[in-house]
Amino acid sequence: MRILIFVFLSQFLIATASSAANCGNGPAGFTTWRDAFIANAGRYGLNPRIVQSALQNVKYSKKVVRLDRNQKSFKLSFKQFYAKRVNNAMIRRGQKLGRNYAQLFNSIERKYGVPAPVILAIWGLETNYGGYLGNMPVLQSLATLAYDCRRSAFFTNELVSALIIVQRRDMSPAEMRGAWAGEIGQTQFLASSYVRYAVDYDRDGRRDLIRSVPDVLASTANYLAKKGWRRGQAWGPGTANYRVLREWNKASVYVQTISIMASKISGQG
């Protein structure tokens with residue numbers, strides 16, 4: 001699978017320059033762009049038939065572009081951000097889920113070295129422990145943002161990755177609903193991270209980050225482990241593991257919130 005992913009991404013790099021050159025800043029050229037993307041699916045290592053089926057009815061979303069231009073959460077101070085995103089009820093629920101899934105978390109920590117409180121903090125922050133995953137069609141969001149000129153190359157990569165997920169039968173296009181920028185599942189993986197780091201921990205034959213709690217939690221741990229998480233070490237500011245948390249989210253307020261929330265869940269905060 002690693003070899004296949006490398007081939008897909010290599011082919012993507014070859015094709016990106018030409019697709020980015022055809023980006024647009026409004027809906028007028030989207031259908032032409034979409035149809036050209038479908039016609040050139042093979043250049044990305046994708047099955048044209050699967051891409052045609054997945055994208056043929058996808059439309060430009062003005063809502064997605066509006067949301068992309070209006071991101072305000074990370075402009076807050078840490079105190080404002082933490083107060084907006086975390087409360088005592090979330091901490092208590094994280095602790096309860098830690099007890100409920102203790103056996104699973106113990107298994108995951110043995111395999112990946114990442115302790116339960118850190119995974120729980122990410123799970124809680126991203127979707128309130130799976131309570132709200134987003135309900136926007138991922139392929140429509142990603143196609144819109146891939147066509148949009150602001151970050152066309154980045155989101156073309158995400159669109160290709162989402163189609164790889166479909167192609168390897170982890171999820172169908174209809175199942176792929178998430179946040180406005182295409183994040184998927186209970187800990188909100190970008191499609192490229194899904195392709196690289198999602199694991200089939202419940203061994204049902206597919207990596208399902210929407211419905212399978214074992215897959216969700218283990219995949220989150222696998223992501224952190226692959227980014228350099230150090231088993232048995234602290235995760236506060238200045239530590240190696242704190243730097244790993246920056247790989248999860250570049251916003252300093254988010255990283256600090258994960259760290260503090262995890263400490264509170266563990267009873268240390």
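- Residues W229 and Y112 keep their aromatic ring centres 6.0 Å or farther apart.
- D170 and R168 are joined by a salt bridge, as a carboxylate oxygen and a charged side-chain nitrogen come within less than 4.0 angstrom of each other.
- Heavy-atom minimum distance, G182 versus S141: N-CB, 4.3 Å.
- T127 contributes no side-chain N or O that, together with a main-chain N or O of Y132, makes up a donor-acceptor pair within less than 3.5 Å.
- Relative orientation of the F78 and Y82 rings is tilted, given thresholds of 30° and 60° on the angle between their planes.
- The 12-atom threshold is not exceeded at CZ of R169, counting heavy atoms of other residues, nucleotides or ligands nearer than 6.0 Å.
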Please evaluate residues T187 and Y223 with respect to the criterion side-chain hydrogen bond (donor to acceptor under 3.5 Å, both in side chains), reporting the C-alpha separation (whole Å), side-chain torsions for both, the decisive distance (0.1 Å), and the verdict. CA-CA 11 Å; T187 53; Y223 179 99; over 6 Å; no

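- F81 has its side chain out of reach of Q256: every pair of non-hydrogen atoms, C-beta onward, lies at least 4.5 Å apart.
- The main-chain N or O of E109 is found under 3.5 Å from a side-chain atom of R231 such that the two form a donor-acceptor pair.
- Between S252 and R246 there is a side-chain heavy-atom pair separated by less than 4.5 Å.
- For the atom pair Y201 OH and S212 OG, the distance stands at 11.0 Å (nearest 0.5 Å).
- Taking CD from E247 and CG from L224, the interatomic distance works out to 9.5 Å, rounded to the nearest 0.5 Å.
- A 4.5 Å side-chain heavy-atom check between T220 and I108 finds every atom pair outside the cut-off.
- In this structure, the separation between CZ on R151 and SG on C23 is 13.5 Å, given to the nearest 0.5 Å.
- Under the 4.5 Å side-chain criterion, counting only non-hydrogen atoms from C-beta, V166 is not in contact with V51.
- Of all non-hydrogen atoms in N128 and R93, the two that sit nearest each other are O-NH1, 3.3 Å.
- Nearest heavy atom pair, residue G113 against residue P115, reads O-CD, 3.7 Å.
- Screening F189, W123, Y254 for a ring pair (Phe, Tyr, Trp, His ring centres under 6.0 Å) with W248, the sole residue that qualifies is F189.
- T239 OG1 to L245 CG: the interatomic distance, rounded to the nearest 0.5 Å, is 7.5 Å.
- The number of heavy atoms from other shown groups lying within 6.0 Å of CD (Q103) does not exceed 12.
- For R211 and D204, the salt-bridge test fails: no basic side-chain N is under 4.0 Å from an acidic carboxylate O.
- Looking only at distances, a side-chain donor or acceptor of S161 sits under 3.5 Å from a matching main-chain atom of N157.
- Taking the charged nitrogens against the carboxylate oxygens, R206 and E175 do have a contact shorter than 4.0 Å, which makes a salt bridge.
- Between the side chain of D215 and the backbone N or O of D208, at least one donor-acceptor pair lies under 3.5 Å.
- A donor-acceptor contact shorter than 3.5 Å is absent between the side chain of Q186 and the backbone of V213.
- Remark: the backbone N or O of Q233 is paired with a side-chain donor or acceptor of N241 at under 3.5 angstrom.
- At least one donor-acceptor pair under 3.5 Å links the side chain of S219 to the backbone N or O of V199.
- No donor-acceptor pair under 3.5 Å is formed between the side chain of D148 and the backbone N or O of T144.
- Counting heavy atoms from C-beta on, the side chains of M176 and I184 come closer than 4.5 Å.
- Under the 6.0 Å cut-off for aromatic ring centres, F37 and Y147 do not qualify, their centroids lying 6.0 Å or more apart.
- The backbone N or O of L125 sits less than 3.5 Å from a side-chain atom of R85, completing a donor-acceptor pair.
- For the pair V138 and L142, the minimum side-chain heavy-atom distance is below 4.5 Å.
- For R230 (side chain) and A240 (main-chain N/O), no donor-acceptor pair under 3.5 Å exists by modelled atom type.
- Atom CZ of R69 has more than 12 neighbouring heavy atoms from other residues, nucleotides or ligands inside a 6.0 Å radius.
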